[in-house]
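Following: one structure in structure tokens, then a few remarks.
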Amino acid sequence: MVMMRFSERERAEALAALPDWRYDPASDAIMREFEFGDFVAAFSFMTAVAILAEKANHHPEWSNVYNKVSILLTTHDAGGLTPKDTDLAGMITKLATAG
């Protein structure tokens, strides 16, 4: 089942609950950078996010350089931002603040 993209109003409401995520209109995606104490902490976070993403069947575009992890979320088969993205962003945010 293909998820429907957010309307502008729906997107604004969803992003209000995710203040640390930035909206990128060019890719109709949300992005956030996380910073950790070192590479091991950053990679451990990525491993935990990978497990969340696999369970959600929704996989981020991301990169890691030493202690920084950059994450971009968009639903490719819907052509842009959907609730799958904001739901996963919420889970990632909780994971990042739990430690």
Study note, to complete from the structure: So salt bridge (charged side-chain N to carboxylate O under 4.0 Å, His left out) across residues 6-15, not counting sequence neighbours, yields Arg9-Glu13
Study note, to complete from the structure: Between Ala16 and Pro19, the two heavy atoms sitting closest are O-CD, 4.0 Å
**Study point:** Taking every non-hydrogen atom, the tightest pair across Thr82 and Met4
**Key:** CG2-O, 3.5 Å
Can you check whether [Y]'s main-chain N or O pairs, donor with acceptor, with [X]'s side chain at less than 3.5 Å?
{"X": "Asp28", "Y": "Thr74", "value": "no"}
{"X": "Asn64", "Y": "Val69", "value": "no"}
{"X": "Asn67", "Y": "Phe36", "value": "yes"}

Report yes or no: do [X] and [Y] belong to one cluster of Ile/Leu/Val/Met/Phe/Trp/Tyr joined by side chain heavy-atom distances under 4.5 Å?
{"X": "Leu72", "Y": "Trp21", "result": "no"}
{"X": "Trp62", "Y": "Ile30", "result": "yes"}
{"X": "Tyr23", "Y": "Leu73", "result": "yes"}
{"X": "Phe34", "Y": "Met46", "result": "yes"}
{"X": "Leu95", "Y": "Ile71", "result": "yes"}

Practice item. For residues Phe6 and Thr86, determine if any side-chain heavy atom of one lies less than 4.5 Å from a side-chain heavy atom of the other. Key: yes
Check your understanding: Are His58 and Asp85 side-chain neighbours, meaning at least one heavy-atom pair lies under 4.5 Å?
Key -> yes
Rounded distance (nearest 0.5 Å) linking atom [atom1] of [X] with atom [atom2] of [Y]:
{"X": "Leu88", "Y": "Thr75", "atom1": "CG", "atom2": "OG1", "value": "9.5 Å"}
{"X": "Asn57", "Y": "Glu54", "atom1": "CG", "atom2": "CD", "value": "6.5 Å"}
{"X": "Lys84", "Y": "His59", "atom1": "NZ", "atom2": "NE2", "value": "8.5 Å"}
{"X": "Asp24", "Y": "Met31", "atom1": "CG", "atom2": "CE", "value": "4.0 Å"}

Check your understanding: What's the verdict on side-chain contact (heavy atoms from CB on, under 4.5 Å) for Thr93 and Arg32, showing C-alpha distance, side-chain angles and the deciding distance?
Key -> CA-CA 10 Å; Thr93 298; Arg32 182 169 175 191; 3.4 Å; yes
Exercise for review: If you link ILVMFWY side chains whenever their heavy atoms are less than 4.5 Å apart, which other residues fall into the same cluster as Tyr66? By chain and number, please.
Suggested key: Phe39, Phe43
